[in-house]
Each structure stands twice: as C-alpha cells, then as structure tokens.
> 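Pasting in a structure now, in structure tokens, and then I'll have a few things to ask.
Each chain gets a letter, A, B and so on, in the order its sequence line appears, and its residues count up from 1.
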Amino acid sequence: MTLIPKHPHLLRAYGDREGDGMVQMTFTLRISPGAQAKEVAKRFAEAHGLREPLISAMEECGPGYTYFVAYGHSIHHVDVSEVDVPEVKMEDLDKHDIEERIEHQIGRKVVVVGACTGFDAHTVGIDAILNMKGYAGEKGLESYKWFDAHNMGAQVENEALLARALAVGADAILVSQVITQRNSHKENASALITLMKERGLRERFVMLLGGPRIDHKLGLELGFDAGFGPGTLPKHVAAFVVQRMMERKQ
Amino acid sequence: MTLIPKHPHLLRAYGDREGDGMVQMTFTLRISPGAQAKEVAKRFAEAHGLREPLISAMEECGPGYTYFVAYGHSIHHVDVSEVDVPEVKMEDLDKHDIEERIEHQIGRKVVVVGACTGFDAHTVGIDAILNMKGYAGEKGLESYKWFDAHNMGAQVENEALLARALAVGADAILVSQVITQRNSHKENASALITLMKERGLRERFVMLLGGPRIDHKLGLELGFDAGFGPGTLPKHVAAFVVQRMMERKQ
Amino acid sequence: MAQVPLDMKVVDECRRLAASIADDVQRFIDKHTTVGVERTVARAFGIEGVDDQGIPLVNMLVDRIHAQKLLGRGVAFFLGRELLRGAPNLQDAAERLAYGRSEITGEGPETEAQINAVLEQGVKTALKHMDDARDTREAMKARLGMADNPWKYVIVATGNIYDDAIQAKSAAHGGADVVAVIRATAQSLLDYVPHGATTEGYGGTYATQENFKIVRRALDEASEEFGRYCMQTNYSSGLCMSEIAYMAAVERLDMLLNDSMYGILFRDINMQRTFVDQYFSRRLIARSKIIINTGEDNYLTTADAVDAAHTVLASQFINEAFAHRAGVADENLGLGHAYEINPWLEDSFLLELSQAQLVRQIFPNHPIKWMPPTKFKTGDVFHSHVHDAMFNLVGITTKQSIELLGMFSEAIHTPLLMDRYLSLKSTKYIYTAAKHLGDEIEFKKDGIIETRARVVLNEAVELLTTVQRDGIWDSISRGAFADVKRTLTGGKGLAGVVERERAYVNPILSMLEGGAA
Amino acid sequence: MAQVPLDMKVVDECRRLAASIADDVQRFIDKHTTVGVERTVARAFGIEGVDDQGIPLVNMLVDRIHAQKLLGRGVAFFLGRELLRGAPNLQDAAERLAYGRSEITGEGPETEAQINAVLEQGVKTALKHMDDARDTREAMKARLGMADNPWKYVIVATGNIYDDAIQAKSAAHGGADVVAVIRATAQSLLDYVPHGATTEGYGGTYATQENFKIVRRALDEASEEFGRYCMQTNYSSGLCMSEIAYMAAVERLDMLLNDSMYGILFRDINMQRTFVDQYFSRRLIARSKIIINTGEDNYLTTADAVDAAHTVLASQFINEAFAHRAGVADENLGLGHAYEINPWLEDSFLLELSQAQLVRQIFPNHPIKWMPPTKFKTGDVFHSHVHDAMFNLVGITTKQSIELLGMFSEAIHTPLLMDRYLSLKSTKYIYTAAKHLGDEIEFKKDGIIETRARVVLNEAVELLTTVQRDGIWDSISRGAFADVKRTLTGGKGLAGVVERERAYVNPILSMLEGGAA
Ligand code: B12
Ligand code: B12
Ligand SMILES: Cc1ncc(COP(=O)(O)O)c(C=O)c1O
Ligand SMILES: Cc1ncc(COP(=O)(O)O)c(C=O)c1O
C-alpha cells in the first residue's frame, strides 16, 4: 500500500515496501479481551495515525487488563531536512595522541573529578570512563599518564562534588546519571549547574554529563558542555576535555 | 506521569500506573543510525502522539535502514461508550443439543458446503470445522449425524463452490479465507456475495465466512450472515447454522 | 556428543523399501513425458520469447504439438525435423512450429539418427550453458568462502522484485547465508512461467528468469561487499517444476525447493504429472549441483507433529530414493523437516531435539533443511520470537545444515525488513552462545529423547512397509502423508501427461542420464 | 541427570574456610550493637508511632539514648527500667524516654534480674507475635499448596503501593509465585523506616509496615482466588536491615533480600554496622522461617561474570556460614547467583549452565535464587526477551529453586504490566517445553562445562584461603568482591555502631539465640 509518494526528505516508516508506513505498537488497556476490546484497540491504534490497523494479539495480562499487539500503516512522516541535531564535534584521537597533546600543549596533568550524583548508585558507567579497568577493552582515564582522575563513586551530593572539584583544582567535572524515573537525571544534573552558576563557578570547569539516556543534545540543554551516551569510550571523553580546554585557552 | 484525569469511559494506555499512557512502538526508517536518526525517530514517535518518547534501540537493519524501538506516553484515548461491536448471537449449544434440535425441529440433515476459495490453499481452518478430525479435540461437522458436510478443499473458484452448493442442495455455504495480503480475503469473499446476488441466490443460503483475520463485524460488512475468527470450534458453526435456519423458517 | 541410538538394520530396511517404492514409480516415469518437461527441453535449446499476450513461445510450441496428440515423440523431434527442413536455427524452428500456418504432423522421412545429429550442437550448447553457470558459482564459492552450518536461510516476499533485491541485500548484511524469494501465491498452478521482471505479486514474487537474475545480481554484490558467498534459492515446484529448474540452473541459483510429492499433497497437482516432472527437474538439478530442499516440513502443518513425525521420516527416505534415481548426490539432498510440535506440550522441546537429531544421524551427509515453527505461531510477536529461539537452539545443538529462520510475525504477514533483521540477530546469538552444546551433552540412556527417536524410526519403517506393499499411488489416495488424500487421476495438470512413443526423442535427457559432459 | 563433577574435599575445605572467616566476624558481632538493632528491639516490644515530622518513635528513643552514649546497655535496659519506675506499659515507657524532659542516665538501683523479669511478658508477646505470623503463613501454604520449583519471582515497582497491589495481583494471575515490591531508590541509606502507606517513590516503593500489609492482603486474595499460595518478598538490607526483618516477620512475608555484605559493597554502608545488623536480622528471619535471598548476583554487574564467577561462589560459602551462625536453616538459605556473562561470548550459554549446575550441586538443600541477565540487556526489547528465554532454560535445566524472571525492558524502565505478563508467559513455555531436559542430558566428561565447573570451584577455594588468611575486613578493603573496595571505618552508618557494655540487655536476642519458644 503506497500511502504517499516518495519524497527525498519525507521519511515514512518502512515495512516491506517503500511507502507502506508499517509500524508495530504494543500497549495495555484496562478492558477485558473480547470483540469490543478488539475494536477499542483498533481505534486506539487509529488515533495514533495507523491506517487499517490489525490487532494481532489480545491477551489478558491481569484481571481486567489486556495486552495488545497492533500493526498498521502509519500516516505520519518526518521531514529530515528540518532535523538538525547537535553532535559532539571533536577529532577522533587515540590515547597516544591525547597524551602527546596534553604534554605539549597544556604541559601539566589534566585534573578531572567524576561522580554518580544524587541517589544514583550506578557507578559502572562512570567507572568505565575513569577507572583503570575501563570499558570494552579500553583502559580508563586513570591509566593516562597526563590525566589525574578522581572518581568519587556513587550517591555523591552536588555540594560534595563541587567541593572536591575545587579542592583538587579540577579542569573538568564528570557527572553520571543512570536512573531516569520521573526525570530524576535531568533534575539532579541541572541542579548542579544552577548551583555552580549561583556561585559563579560554571565557567571554571569543563562540564560533562553521561549516562544511558544522555545524549549531546540533552547535555547542552541542561547546561553542560557535552553529553555522552551509551558506547562512550574513555578516549572520547579525554579527547573532548582536552579539546575544550584548548578552545578556552584561545 | 498522569497525563489526563481518569474517566470511566475514556481508556488510555496503561503501563505501570493509571494514566501514564505508556506504549511501545517499533518501526524502520530509511536513514543510517546516528544522532540525527535518533532525533528523527523521536519526532516520528511524537507525530503519533507519544510524549517524551524514548528511543531505546536504534540498529542498522539493512544498508541505510535503521530499526527503532520507542517508548512514550500516548496522549490518545478511546471512548469505550462509543464503541459498539456486533457479536455473533447464539446459544452455547453442545453437539448433543444441536443434533437433537435438528432431529426434532428440522427433521432432516442439514447440508453444508465449505471451501477455501480463490488462490488460497490454507485448508487447515476449514478442515478444522468440517472434517472428522476437527479442532482442539472437538470433532468436525462430518462427525455429526444430522449434518451432511461437503469439504471442497483449497483453491476453489466461487463459481465452482456455488455450483456444488446448488447441486447438493446446501443449506449453508462456508468460506474460508486466510491470505490477507492486499486484502485478497475481502475481495474474494465479497465477489462471491456479488455473484450470488446477481443470480438471486443470496437469500437461499446461510453464508459463513471464517479465517484468522475474520471477525463477525467484517463478515457482516462483506455481506455474510456471520464471520468467525481464530478459536472457532465446529459446534459454534453448527449452532449458528441451525439457529439461523430456524430464524428463517419463522 | 549428543547422539540418539540408531538401529542401522532398521535404517537399511527403510532405504530398501523406499528404493522399491521409487523403482515402481520410476518405471512409470520412464514411459512418460509432460508438457512441462517438453517446454523445458525447448528452453534448454535456447528458445525464448513471449507473444503479445505474454504467452511464452515454448508454451505455444508444446501446446500445438500436444493438440495434435504428438507430444509423445518429444518436442526435440519436431525441432530437429524443422532444422532438417531448413529452419536456420532452433529459435526459428520453434517459431515456425508454434505460429506456422500448416498443421504439425507426425509423419516424415527424417530418421531418429538424423534428428539427433542435427540437434547435437544445440544439446552441447544447452549443457554448456548450465555447466558454465555451475562452474562460475563453484568458483565464486571457493573464492569467497561459505559460512559455517547451520546456514541462516531467510525469505523475502515483497511481491516486487526490486524491493526483493533491496531486502535480499539487507538480509545478507544482517548475516543471512541463503535468501529465498517467496513465490507469488498460486504460481505453482500456472502451466507457464511468467516472463520478465515483475512488480506485483500476492504473498510473494513471481519466479521468472529475469527476476532470478535481478536477485542474483544483488546477492553477487552482497557477496563481494560482505566477503562471504551469499546463496539464492527459489521454488522448482508446481506445474512448471522442470522449467524453473532449468532457469535456476542457468541463473546460478544455489538451492531449489524441490520435492517429489509436495505438489500432489499441497497444490493438488496430479500425481502422474508431478512424478514425471520432478524426475526431469532433478536431472537438471543434479547436473548443476544445486541443493534441493524437500518439503516434508509441510506435512506437520496439516497433520499433528507428534503423531505424524514418522511420516516425515518415511517421506525423506522416499524423496532420497527418487533423488538418487535422478542422479542427485547426497551432499545436495536437503531433506526437509520442521519444529512444529505444540509448544505448550510438556517436554515438546525434548521431542523436537530427538527428531532433529534422529534425522541428522540418518542423513549424515545431506544438507538437511530445518524449518521453524509456523503452525503454533500467534500474533504475539514477543512470544513468537522466543519460540523461534528454542528452535534455533535445537538447530545448533543437532547441527542442522540449513536453517530457515523463524519470523516473529509468522502469524501476521510475510516478514518486514526489521522482522528479518531481528531474527538474524537472535539466531546469531543462539548459535554463538550455544555453539558447542551438541558436543558437550549426551542423552540419557532409554530416556525420553532416546525412546522418542526409536519410536519414530520404528513407525517410519512400518509406514514404508505399507506404502511399499500398496504402492505409492494407492498410499497417497489413502492419506499416508500429511493427512491429505489425492487420487491417481485427480488434481491439476493430468492433461499434460503423455505416454512416450517408442520413437520419443529427448537428447537433453539422454545426455543428463548418461551423465556425459 | 546432568551433573558436574564435584570434588567434595574442595567443597568441604571451602566450608571450613568460610566458617573460620565468619567466626572471626562473629566475635566482633557478639560484642556490638547498633542503632538499628536497638530500634528493632523496641519495635519488637510493640513500640510504634511517628511524630509530626514523620520521625518514628523508635528513632527518637534510640537516638536519645545513643546521644548519651548509653546505647551499649541496650534499649531494653532503659525500657525495663522505665517500667520498674512506673510506666504503665512499654509504649508509654518509650515515650517517656524519647520525649521526656529529664536526661537519660546510666545510673540506677535496678538490677539486671529485675529488668529481665519486668520485660518477660513483653518478650513473650513479641515472640508470639512473630510465631503466630509464621504459623499462619505455614498453615496457609499447607492448605493452598505451593508451585513447583523453580518458583517464578517477579518484581513490581510502581512507587505507589496501591498500584503495586494491583500489579502484584496481576502478576499472580499471570502465574507468578513470588512478588517482590522493589524498594524506593536509596531507602537503604535512610536510618529510619518510613511510616504508613506511601504513594511516591523513585524506582520503587518505600518498604513500610503498612505497605507490607497492603501487598500481603492483595496476595492473600490472589492465593485464594487462584488456589495457590503466592509469596511476598521485600528487602531486609540497608541501614534498617533488622527493623525491616521484624516488620516482615509479623506481616507474614515469605522471603527477604538479605545479605551479609551487599550493603557494604553496593550501598557503601560501613562494614561493622552491616555485619552486626545482618546478624540480628537473620536471627529474626530464622525464627520466622523466612527464606533469605543473598545478593551475590550483584557482583557480576560490576565485575566480569566470567572472571569473577568464583567470587560469587566464595561469597555464597561466607553468606552460608554467617546464616548458620544466626540459626538460619539450609532450606531457608536462598543463595543468589546470576546469568550475567556477555551473551555474545562463544559458548556463554555453556558457561552459564556449568555455573548454575555447580551452585545447585554444592547447595543441594538450599532454595537457590537465580537472577536474570541485566547488565548486557539493551533497549532492543525483542532481543532482550530471547536472552531471558535462554536464562529460563538454564533455570529449568539445572533446577534452580527461585528464579527472578528477566524483563525485556530491563535496560529501559522498571517493568510495565505487560512486560511482566510476557515474561511469565515465556517462562511458563520454557519450563513446560523443557521440563525434563536436566534429567535427560549428561555432560561430556572433561568437556567445556565440566572443566569450567572445576575451575570455578578451585578459584573459589583459593580466594577463600586468602580471605581467611587476611580476614574479611582487609579482604574487602582490597576489593575481593565485586571489584569494590571499602574500608573498616568508611561508609555510612558507622556512628550507629556501639560496643556492648558488660551489662548489655537484649532479652529478645537472648531468646532468639536460645531458640526458646
Ligand atoms: C548494574 C545495575 C545495577 C547495579 C549497580 C551497580 C553499580 N555499582 O553500578 C545494582 C544491582 C546495585 C543496581 C541497583 C539498582 N538499580 Co540498577 N541497573 C543496573 C543495570 C543492569 C546496568 C547498568 C550498567 O551498569 N550499565 C553498563 C554501563 C557501562 O553503561 P552506562 O551506565 O550507560 O555507561 C556508559 C555510558 O552511558 C557512558 N557514561 C555513563 N556515565 C557517564 C558519565 C560521563 C561523564 C560520561 C562522559 C559518560 C558516561 O559511558 C559508559 C560506557 O560507555 C541497569 C539495566 C541496564 N541493562 O541498563 C539497571 C537499571 C539502571 N537500574 C535500575 C534501578 C531502578 C535500580 C534500583 C533503583 C532498583 C531498586 N529500587 O533497588 C537499584 C538502586 C540503585 C540506586 N540507588 O541507584 C533501573 C533504572 C530505571 C530508570 N530508567 O530509572 C534499570 C534501568 C533497571 C530496570 N529496568 O529497572 N543496578
Ligand atoms: C499451515 C500454513 C500453510 C500450509 C497450508 C497447508 C494447508 N493445507 O492448509 C502451507 C505450508 C501449504 C502454506 C503455504 C503458503 N502460505 Co501459509 N501459513 C500456514 C500457517 C503456518 C498456519 C495456518 C493454519 O493452518 N492455522 C491453523 C488454523 C486452524 O487456523 P485458522 O486458519 O485461523 O482457522 C480457524 C479459524 O480462523 C476458523 N476458520 C477458518 N476458516 C474458517 C471458515 C469458516 C466458514 C469458519 C466458520 C471458521 C473458519 O476456524 C479455525 C479453527 O478455529 C500460517 C501462519 C500462522 N501461524 O497463522 C501461514 C500463512 C497463513 N501463510 C502465508 C503465506 C503467504 C503462504 C504462501 C502464499 C507462501 C508462498 N508464497 O508460498 C503459501 C501458499 C498458499 C496458498 N496458495 O494459499 C501467510 C499469509 C500472509 C497474509 N497475511 O496474507 C501466513 C500468515 C504466513 C506468513 N507470515 O507469511 N501455508
Ligand atoms: C517443496 C516445496 N515446494 C514448493 C513450496 C511452495 O511453493 P508454491 O506455494 O509456490 O507451490 C513449498 C512450500 O513451502 C515447498 O516446501
Ligand atoms: C541482597 C540485596 N539487598 C538489597 C538490594 C537492593 O536494595 P537497596 O537498593 O534498597 O539497597 C539488593 C539488590 O538487588 C540485594 O541483592
């Protein structure tokens, strides 16, 4: 079924053929399975813009609750030409290059402090970036000769993090946020920026935010210099920090 | 996240808490994975009415094509009070009751002819209803003393089916349609009804449509007396035919 | 290593019975030809083209001869005679016969020797065409290398050959080793092969020579790009079984769905027609070293997979016997079976494991084709995906050769691009995570798994005994396989079956049977 | 039956080393108490209520005594003394102490014998309360019957206890045997137990006595409706470990997450505090015949599951030794382990199978708790579902006792209603389809699976040898478990640890240690 003629910028969902708009949806409604429930589910799918929806599964997933699988031809599209997303811009340097650059262009160790803040106790991400052990076979910043990396671990309060950063004269602060329930990651992170601004300290540090649901766009929105998501490697972080320090120097 | 106050008739999706509207979507877009693709996918999800969409998976599923999994809070609802669906109305009779009824109220064997029509070669469904073997441990109409069941099998043309029904003096015609690609099930089935109407034969037979994507609503829409979907048992069909024959008598 | 006990005496007995069953049919085959066989001969002689109605020249040609009740002499006879009578080449000869004003007659002074002589070059060219394609394929395989077994086999079925090509390449990108373009619904009932590239098909795409080429090109590109030979397959079955086999041979397909009885049971094609057609198709296949996939898996969609497991095994022996008679080597004999037991049955996984292992051991050199769950699939795509995972696990554990990957949307539609991607991803995970499981476990003596294997083998030998006693013709009419009954003269295509005359000429077949270069 | 070879001499050596490690700590435990332990004693005496700030009376009480540096005498001492001095009952005694104007002092004429005598009734009531709850539970279990192992354990985590109750019932409807209400993020760091029904929590719901009651009611209903006893569990861990154990005991919980070292490693709670608290909590648990679930599975989220497998096993021996010292019987000792190996590692499934089987055999009478993959889960929910299926397969094959079901949305959010439903459905399928797989297979001698089991056991005994040599305190500070390092005086809650005075009074503990009725 071709719903709309092809257009280079207009992206529609692709199932089996260009333009078929096929998407799959899963949802639960508070209704018991039956002919009426099936019709309700169809209309629910239609409300999302799915044409000719097919309810392929309808199963009671709790007393009075039904789980549905729907397929349908989505009428929606996105104009790609309108979507412009910030991406972290930096050279793809390896550990060796980075170390060289620090040695020759900064001439002293770069100091970073990292923590998983608030009530968040998920340290695996920040450890992956900072600790010797590293991530995906790549050692963390602790292993860099020209980095001085402090990892404060989990459940660190913003105040404590800032105090430590000042105490060790950090160049960059690395914040990890994993728990996203009720947007706690956004709140924690922006609270730190607010705090720093109040104290006139925001510009003193390169601020990095990271976590499984963080991307560069969100990092910027929350007032950080960058945001890093899944798959980040220590060298990406190192490269970014050094590059940003150089930029600031100029 | 409560999006909209509860209302007894207004059904919203239920994820973890009443009113959260959480739904899951999967789709493919012709774009390579990356920050831009993720944003495009988010907007695509938003276009369907998903608030705060989260793109939880983004993987290249073919050169230049990306598969996405999205979660989001759907803003849509369905007003259940507006949804009124026809359901096959009949008594829940068992084989024994049905046999008795035919014996005493009709007094002769009920003749049915069934087929899987058009190019459709999926006989398992119609066999389940008609053949001795039956379905889900329940024997088919062939096993009924008071039924005379003719199963023409697969790939039967509408003309041939009608001719046979006339030849054996059938009371009911049973059509099975399994293949739904490009709506071929609807086309085949309604073509039969058109043909019968042209010949003034529509009212002569109880007409039943069945198949995995058939429901009563669709059966009626296509001009049949009833539509039967997944899980139909031979006794349902027998009961319906007998009941409809009695109704007509009156 | 996980092995079930095998009573080789019973296995040998099965093979002996199957041989006798096939021999009986082979005697029939050797006395008959069909419109399909003759059209194939014509195609092999390079005759091509369609008229303005889209009817292939080979159909016009053969039908005309058949209308005169002369097909028992073989189309080659007439083509040769036309050459002797002055046609500049075979194509021209065919056109003269097909469209010529004068009626075709059986009489003429031409001797068989003359006919054979004048066709000699045409026969050589025909075979060279096939052999060259085969050699090109084998060279490419050798150069690029093949994936380990089980090969990951996926289907594409958009209906539009150009979309198919995109999806085929995407499949290869996702790790597929074999790509099948599913055929348009009911093409098998057409008594001709459609022509050219096609973009409209229900439930699949028409098998045409041009379509074969388009997908082969896409997969050749994929093979080079991904550095691994990617296989292509289609269907040599239905009323044009042997024509498609020929087209596949010259277009370098790697596999073909090709069964001695599938058409009879599942497409209601006449059994005489099918047996004759399958023989010729397999002769071509054997020459081209194409792997065939037989269709026993289908039995379990109409019959119960626990009760009818032995019918699959019995049929595999029969398919093997037929294939041997057509010169197909064991290593190209992909016997089919399937994971179709009710998944909610207690220990269903054990029963599947048992059957898969049994088949593996009985046919150790055969590229066994293992089919996924379909019948018990529902529209719950999540659960369906898990069901397929268990199937994959049996596949890797019992070391199946070719595995058709299950799709989580099986009960809904032919696979979407992402369905196939996810299926490949899941399969790669299972194959990796359980790579050596089969080598690492053994089955308990006389346990559920061993016992089941014994029972199935014993039931198979019993069934074969009955079939051998009654003959396959009668057995099929009693519903021995797939719970389906077909009669000797029922079904489609019987009118296209012709007794060979004594002077039947078919130099292509002769060469194939002779096995000469 | 699938068994890995077990060198019982090595196993015995592990137990001997673990005993010695635990004995060393037990000497410390026996000399200390904590604010948590004392609050628990107060709760057991029936002291309840919160002030207008929501601060529990037991906290005010204990903190006030602690502020006077008198906690080493035990809260019971002061409560008893207050009774002797005229308080009409224990509640009143507590209020006088907590809110009274006059300073609390250590001096007084009251003898230990007098104190114990005046508390006797209170102690009896306290224990009866617990014992009654236990007996009610055991009777209900016996009447309704329990599901077969592995028990299907699922979590609910809406943050709102009323939603939790709905979801708990839905889970039971879908086949769950055990329902855990996940605790609100970081409750473990609160040095008090919140009060009443709660409707706002991040990542889970507060563990409060009222919340326990609400879910127990929902599960009692479910048990009756579905004709099968449905179990409830929560967390006895963090700074209020023993208080929660008491609350769980009287509210008829069936299981508790309770580990001797989890708080130290994963919540950075001081180790002295944790060791003392866990002992008292386990004394209560033992009395109530609650099944504990230890937390070794967590180690594999921070350390690599292949490299660190032996740390899990070593820790299980240590947890067992601690539990024995607190009177917990083997049949209530649900040692934790997990399926956390990188799924893309070749033969990862075999390694998981090996480890699961090894643990099963080493702890044959223990209700082993088996945790699903989490760390390698991604947001690809389809693939995640398959990953869980393989976990389920190992669970049924190796006959784990309690299986926490994986959720396909693990990497995204706490489970939605449908996620849990689908997980239960998939698990039922695997448990049924592969029910007797474990009985039907054997492992190849000296193969990958056997070798792995041997290696893990040997590495565990080596680790235990080191830990025994250095003591657990030092070992933890060197990162022996979970790749996490903690120091003797670091972490939260150290200020709440108090050396018992010679005249320390804790008649509840005495009774529990004495095992009297
Ligand atoms: C391991 C784990 C735990 C471990 C944590 C151990 C530890 N010390 O870290 C334990 C078992 C203790 C745990 C506990 C809990 N967890 Co937990 N946990 C996980 C799990 C399985 C994996 C997380 C992980 O380690 N990922 C691997 C790392 C390497 O990935 P990453 O964090 O994305 O890091 C990478 C990038 O994001 C980036 N990055 C990360 N941080 C930073 C920082 C900077 C500056 C930069 C540049 C880059 C960067 O680089 C890293 C490498 O590429 C996830 C589920 C999942 N599969 O994602 C749940 C999960 C995160 N946990 C969850 C929950 C709810 C909890 C609990 C609250 C449950 C409870 N109520 O008890 C508790 C409490 C924890 C607390 N107070 O915070 C939820 C969160 C739900 C949500 N979306 O809010 C999840 C999603 C599970 C679930 N479905 O419920 N958990
Ligand atoms: C078995 C099967 C086959 C068998 C059929 C054997 C046979 N003789 O029937 C074989 C292997 C031959 C086959 C072939 C093909 N199949 Co097929 N097949 C299936 C499969 C796996 C199961 C269908 C089935 O038997 N269900 C069990 C029966 C009992 O259920 P049922 O039909 O719904 O019947 C019940 C009710 O609906 C009702 N009912 C049905 N009919 C009637 C009639 C009346 C009057 C009444 C009252 C009730 C009633 O009662 C029954 C009992 O409750 C489905 C996938 C799936 N899991 O659904 C694909 C499926 C239906 N097949 C499909 C396709 C595309 C094909 C092919 C076209 C593929 C090809 N190109 O080669 C071919 C060609 C067939 C053709 N020309 O029609 C697609 C259809 C896609 C679509 N939506 O259009 C499916 C969905 C698979 C897929 N994902 O691609 N198939
Ligand atoms: C051997 C064999 N041939 C052919 C087919 C299908 O072909 P068609 O539907 O075009 O006859 C199948 C179906 O799976 C098969 O197994
Ligand atoms: C033994 C044990 N206690 C407690 C917890 C979690 O509790 P909290 O995060 O509330 O400390 C876990 C986590 O899974 C655990 O394994």
> Return the set of residues passing side chain to side chain contact (heavy atoms under 4.5 Å, CB included) with T26(A) (not counting sequence neighbours), or none when no residue passes.
Q24(A), Y67(A), V69(A), Q24(B), F382(C), M418(D)

> Should the heavy atoms of other residues, nucleotides or ligands under 6.0 Å from NZ of K95(A) be counted, would the total exceed 12?
yes

> Looking at Q167(C) and D16(A), what are the two nearest heavy atoms and their distance?
NE2-O, 2.7 Å

> Going by residue number, which parts of residues 221-233 of chain A are within reach of chain C, meaning a heavy-atom gap below 4.5 Å?
none

> How close do G379(C) and S56(A) get, heavy atom to heavy atom, and via which atoms?
O-OG, 2.8 Å

> Taking V381(C), T414(C), T378(C), D419(C) one by one, which has the highest count of heavy-atom pairs under 4.5 Å against chain A?
V381(C)

> Taking only residues two or more places apart in sequence or in another chain, which ones pass ring pair (Phe, Tyr, Trp, His ring centres under 6.0 Å) with Y429(C)?
W344(D), H383(D), H387(D)

> What residues of residues 152-159 of chain C sit under 4.5 Å from chain A when only non-hydrogen atoms are counted?
A157(C), T158(C), G159(C)

> Are there over 12 heavy-atom neighbours, none belonging to K139(A), within less than 6.0 Å of that residue's NZ?
no

> At a heavy-atom distance under 4.5 Å, which candidate from I412(C), N160(C), D164(C), L416(C) has the highest pair count against chain A?
L416(C)

